[in-house]
Novice: 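Please read through the structure below; I'll follow up with questions.
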Amino acid sequence: MYRYDDFDRQLLAERTAQFRDQVARRISGELTEDQFKPLRLMNGVYLQLHAYMLRVAVPYGTMNGEQMRKLGYIARTYDKGYGHFTTRQNIQYNWPKLNEIPDALADLATVEMHAIQTSGNCIRNTTTDQYAGAAADEIEDPRPYCELIRQWSTFHPEFTYLPRKFKIAVTGSPNDRAAVRVHDIGLRMHKNDAGETGFEVIVGGGLGRTPFVGKTVRDFIGKNDLFSYLEAILRVYNRFGRRDNKYKARIKILVHEVGVDEIRRLVEEEWSKIRDGSLRVSDDEIAQYIAQFAPPAFEELQANDPEFERRKQAHPDFAAWVRSNVIAHKQPGYAIANISLKPIGGIPGDATADQMELVGDLADQYSFGDVRVTHEQNLVLPHVKKADLFALWAELNSALLATANLGFVTDIIACPGLDYCALATARSIPLSQRISERFGDLERQYDIGELKIKISGCINACGHHHVGHIGILGLDKRGKEFYQITLGGDASQDASIGKIAGAGFSEAEVVDAIEALITRYIDIRTVGERFIDTYRRVGMDPFKEVLYGDR
Amino acid sequence: MAIVKNDSVIENEWVTLDDESSIPESGTNVLVSLGRFKAERDSLIARNGGLGVLLVPGDAPEDLAEDIDRFSLIAVKFPAYTDGRGYSYGRVLRERYGYAGEMRAVGDVLRDQILYMHRCGFDAYELSDDDETALEKVRAALRDMTVYYQPTGDGRATAGSLRDRRRAVLDDATS
Ligand code: HEM
Ligand code: SF4
């Protein structure tokens with residue numbers, strides 16, 4: 001795991017002092033709210049419906065146990081005892097007071113955490129595969145490159161006032177768990193014909209009111225050249241991205257309007273002028289970052305642990321959790337344990353201070369002090385011995401953290417919606433809770449199989465509804481909430497944007513509508529077909545029929 | 001209004017011309033728009049007196065490349081501090097075309113953006129403050145940070161290069 005050195009620590013200390021000064025200047029009135037806004041946004045402080053919100057960065061979703069415990073401490077000390085993990089692998093606190101935020105940030109800085117660039121029109125926290133360094137299917141661990149991107153993008157003087165926010169995601173595995181095709185830049189690691197590892201560069205994906213799947217500007221960029229290439233893309237965007245209309249300012253609109261060929265031409269031309277400059281990263285330097293993320297000291301173990309098998313026989317609940325939440329690890333005898341933050345009827349992504357502290361401890365005890373946040377709003381202990389899984393499960397279970405529903409219908413993504421968000425047109429949390437309750441029975445969930453429901457409280461799409469197998473968008477019709485359903489979205493390597501099924505449903509109708517869709521799927525699926533596969537085979541009509549009949 | 005450069009407040013020795021007014025006698029320093037420069041390039045470079053160009057967002061700094069050594073002032077307009085195009089213009093002019101004269105940030109120039117401007121090649125800042133406040137703000141802004149991650153043309157050592165240097169010293173000591 002990357003550990004800060006004195007330079008990183010110094011930079012963070014200076015930043016913490018700088019923001020404290022900015023807050024003081026706001027409170028004294030030297031800065032107007034208008035002048036303060038971009039400064040606070042650059043540091044993750046939003047004004048919401050009821051209070052300020054603080055968004056803390058979890059760079060590429062990786063933390064150690066101490067950091068996780070500190071997030072719990074912050075929740076207890078500065079908030080109402082909980083926090084909300086987001087689709088961008090960050091955490092949000094909903095109730096901090098402005099004058100206390102500098103103290104919260106100083107506390108976070110003691111464990112090398114911060115809120116830098118978690119909002120604002122700058123390069124945001126880079127996200128990646130939550131199983132990086134553990135997944136059996138990865139080509140190479142993407143985190144060294146994410147860390148280099150973190151450093152390159154942190155207070156980048158040229159790219160701090162971009163036309164709009166900018167999000168980069170990286171996957172080191174052909175099975176994309178980072179949704180790279182719906183980011184401003186997606187980087188997909190692969191090998192070229194010469195056997196070298198590099199990245200496919202995908203530009204202009206995004207959700208929001210105009211969703212796009214990104215387009216490839218370059219099939220392969222070598223690791224040494226990655227950073228100058230990113231700089232070239234950002235410079236083209238900074239210079240030519242639209243600034244006349246906030247809704248047309250993302251790079252996806254530029255790509256859409258001028259075409260990917262023209263973007264490629266501009267980027268390549270810019271890159272040709274800077275590719276041999278000081279952003280070229282040497283093999284030596286890359287090797288040092290790879291060393292920082294060296295695998296932990298795994299023991300040599302048998303692939304199978306007899307005790308583990310016996311426990312599964314004896315405890316069906318444990319067996320169910322293993323089946324749904326535990327994933328193969330590349331190291332024999334180890335496993336990846338997913339901690340669901342989607343208890344049946346609970347608020348997706350919320351965790352209490354106690355839960356966070358417990359997970360921090362469990363990470364230290366069972367997972368080499370390594371814990372991850374997923375873009376699906378869950379947590380992961382990436383390196384657990386199979387022999388320890390039962391003990392881990394028992395502790396999680398006692399803290400209501402062992403819901404065995406990963407990837408199933410109740411593993412719902414939902415944004416904060418009208419319960420918190422100033423931009424919302426409808427609530428998303430209560431709806432997700434009711435869907436979760438309706439399908440709470442685990443046997444029923446397993447029968448339904450993998451199904452991704454994603455809910456946003458307005459067209460900004462923070463809840464990823466465009467890429468939900470079933471997406472739900474909350475809207476407002478003459479003061480009443482109603483919900484529009486989309487089908488066929490997918491955030492994986494087969495990314496697609498969902499299609500609107502038809503007229504929206506009232507709050508009272510929408511859960512029944514979801515159930516009708518699922519019943520129809522079960523009736524017409526063939527063996528082994530997931531919901532999304534069936535949808536792709538039969539198309540929209542059979543589903544429309546159950547929703548609207550002859551309407 | 002005050003212009004801060006090299007840790008002091010300077011007099012504005014430039015006359016900003018709009019695109020219609022006639023060009024004054026030789027001896028005066030004139031600041032013209034990019035459009036006017038392109039239209040009247042030959043007469044502008046033939047006259048005696050300083051020549052400066054004002055770039056506004058949307059202008060192409062590439063248009064100055066051929067004549068880069070003829071300018072002693074390039075002013076870059078930030079119509080709103082949120083419009084960050086000027087940062088790219090600064091770096092392109094300094095790092096790509098080797099511009100060595102004064103580069104002045106004008107418009108909505110605020111304390112919290114000055115460090116970024118400096119890193120992108122700006123060396124003069126026009127602030128809408130009195131002299132003393134302006135100088136204080138620029139000084140404070142340039143002191144905010146001492147660690148920088150990314151290389152620009154500003155000559156500051158990056159964290160990466162300092163790490164390299166330290167490793168080299170350590171390697172030397174141990175070999
Ligand atoms: C509560 C305060 C929030 C506000 C004011 C807010 C605002 C916005 C806005 C305006 C957009 C649209 C941007 C565009 O299309 O250009 C957006 C997109 C997005 N936000 Fe949020 N958001 C909030 C919370 C969240 C949360 C809690 C998450 C994570 C769960 C999140 C993750 C995202 C994602 C993933 C997108 C869409 C991807 C994209 O950028 O295209 N946001 N947000
Ligand atoms: S999708 Fe809309 S309601 Fe939900 S968090 Fe984003 S801006 Fe708020």
Side-chain angles (χ1 to χ4, degrees), chain A residues 5-15 17-19 21-22 25 30-31 34-39 41-42 120-122 148 150-163 227-228 231 234-241 243 270 273-274 277-282 284-285 288-289, chain B residues 57-62 65 78-92 94-97 108 110-122 133 137 140-141 143-164 166-168 171:
Chain A
D5 66 7
D6 44 340
F7 298 112
D8 302 301
R9 272 192 296 272
Q10 174 79 15
L11 179 134
L12 184 50
E14 289 170 358
R15 172 56 178 160
Q18 181 187 42
F19 190 66
D21 172 61
Q22 289 168 346
R25 283 189 278 140
E30 182 187 330
L31 290 172
D34 262 10
Q35 291 170 339
F36 180 57
K37 188 174 167 190
L39 303 177
L41 284 183
M42 212 67 82
N121 292 333
C122 52
L148 282 160
R150 181 191 74 81
Q151 296 192 21
W152 163 75
S153 61
T154 297
F155 301 133
H156 197 301
E158 186 179 348
F159 305 134
T160 297
Y161 294 95
L162 295 168
F227 302 92
S228 55
E231 184 133 309
L234 264 297
R235 183 168 291 164
V236 166
Y237 172 55
N238 189 40
R239 286 187 59 179
F240 303 112
R243 292 175 187 263
E270 179 60 40
K273 293 173 184 147
I274 59 174
S278 40
L279 271 177
R280 205 185 143 76
V281 179
S282 69
D284 252 13
E285 195 171 351
Q288 278 149 23
Y289 282 85
Chain B
D59 283 350
E62 288 77 8
F78 292 82
Y81 68 85
T82 46
D83 189 330
R85 284 175 277 191
Y87 297 101
S88 289
Y89 302 163
R91 290 194 66 193
V92 167
R94 286 278 193 236
E95 298 170 36
R96 184 161 306 157
Y97 302 123
D108 196 14
L110 303 173
R111 178 217 182 286
D112 292 283
Q113 285 82 48
I114 285 170
L115 178 60
Y116 296 130
M117 291 172 174
H118 190 265
R119 297 220 60 207
C120 289
F122 290 87
T133 312
K137 282 188 178 176
R143 271 200 312 263
D144 266 353
M145 307 294 287
T146 62
V147 180
Y148 311 95
Y149 281 135
Q150 46 304 94
T152 67
D154 67 352
R156 288 181 169 87
T158 61
S161 69
L162 294 170
R163 286 173 182 138
D164 281 349
R166 182 158 64 190
R167 251 189 313 272
D171 286 352

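As the structure is a computational prediction, the values presented were derived from the model and not from experiment. Because only heavy atoms are used, hydrogens play no part in the values below, and waters and symmetry mates are left out as well, while side chains stay in.
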Novice: Go through the steps to decide whether A:Glu30 and B:Lys137 satisfy the test salt bridge (charged side-chain N to carboxylate O under 4.0 Å, His left out), and finish with yes or no.
Specialist: CA-CA 12 Å; A:Glu30 182 187 330; B:Lys137 282 188 178 176; 5.1 Å; no

Novice: How long is the span from the OG1 atom in B:Thr158 to the CH2 atom in A:Trp152, to the nearest 0.5 Å?
Specialist: 15.0 Å

Novice: Quick one: list whatever passes salt bridge (charged side-chain N to carboxylate O under 4.0 Å, His left out) with A:Glu14, sequence neighbours left out.
Specialist: none

Novice: If you measure only the distance, is there a donor-acceptor pair under 3.5 Å linking the side chains of A:Gln288 and B:Arg163?
Specialist: no

Novice: Is any side-chain heavy atom of B:Pro151 closer than 4.5 Å to a side-chain heavy atom of A:Glu231?
Specialist: no

Novice: For the candidates B:Met117, B:His118, B:Gln113, which exhibits the highest count of non-hydrogen atom pairs separated by less than 4.5 Å from chain A?
Specialist: B:Gln113

Novice: Heavy-atom distance under 4.5 Å to chain A: side chain of B:Arg85, backbone, both or neither?
Specialist: both

Novice: Please flag which part of A:Arg243 lies under 4.5 Å from any non-hydrogen atom of chain B: side chain, backbone, both or neither.
Specialist: side chain

Novice: What part of A:Ser153 is in contact with chain B, defined as an atom under 4.5 angstrom from a non-hydrogen atom: side chain, backbone, both or neither?
Specialist: backbone

Novice: Looking at side-chain heavy atoms only, is the closest gap between B:Tyr149 and A:Phe7 below 4.5 Å?
Specialist: no

Novice: Checking heavy atoms, do the side chain of A:Thr154, its backbone, both or neither come under 4.5 Å from chain B?
Specialist: both

Novice: With the side chain counted from C-beta on, respond yes when A:Pro157 and B:Leu115 share a heavy-atom pair under 4.5 Å apart, and no when they do not.
Specialist: no

Novice: Counting only non-hydrogen atoms closer than 4.5 Å, does B:Asp83 touch chain A with its backbone (N, CA, C, O), its side chain (CB onward), both, or neither?
Specialist: both

Novice: Which answer fits A:Asp284, side chain, backbone, both or neither, if we ask what part of it has an atom under 4.5 Å from a heavy atom of chain B?
Specialist: neither

Novice: Which bit of A:Asn238 comes within less than 4.5 Å of chain B, counting heavy atoms only: side chain, backbone, both or neither?
Specialist: both

Novice: For B:Ala60, is it the side chain, the backbone, both or neither that has a heavy atom under 4.5 Å from a heavy atom of chain A?
Specialist: both

Novice: Is it the backbone or the side chain of B:Arg166 that comes under 4.5 Å from a heavy atom of chain A, or both, or neither?
Specialist: side chain

Novice: Quick check on A:Tyr289 against chain B: is it the side chain, the backbone, both or neither that has a heavy atom closer than 4.5 Å?
Specialist: side chain

Novice: Side-chain contact test, heavy atoms from C-beta onward, threshold under 4.5 Å: evaluate it for B:Val92 versus A:Arg235 and give yes or no.
Specialist: yes

Novice: Kindly assign one of parallel, tilted or perpendicular to the pair B:Tyr116 and A:Phe155, based on the angle between their ring planes and the thresholds 30° and 60°.
Specialist: tilted

Novice: Only one of B:Arg91, B:Arg94, B:Arg119 clears salt bridge (charged side-chain N to carboxylate O under 4.0 Å, His left out) with A:Glu158; which?
Specialist: B:Arg91

Novice: Considering only heavy atoms, which portion of A:Arg9 lies under 4.5 Å from any heavy atom of chain B: side chain, backbone, both, or neither?
Specialist: neither

Novice: Check step by step if salt bridge (charged side-chain N to carboxylate O under 4.0 Å, His left out) holds for A:Lys273 and B:Glu95.
Specialist: CA-CA 10 Å; A:Lys273 293 173 184 147; B:Glu95 298 170 36; over 6 Å; no

Novice: Work out which heavy atom in A:Arg239 is nearest to a heavy atom in B:Asp59; give both atom names and the distance.
Specialist: NH2-O, 4.3 Å

Novice: Below 4.5 Å from any heavy atom of chain A, which atoms of B:Thr152 appear? Answer side chain, backbone, both or neither.
Specialist: side chain

Novice: Sub-3.5 Å donor-acceptor pair from the side chain of B:Asp144 to the main-chain atoms of A:Gln18, do we have one?
Specialist: no

Novice: How many angstroms lie between CZ in B:Arg96 and CD1 in A:Ile274, if you round to the nearest 0.5 Å?
Specialist: 7.0 Å

Novice: Identify the heavy atoms of B:Met145 and A:Leu11 that sit nearest to each other, and give their distance.
Specialist: CE-O, 3.7 Å

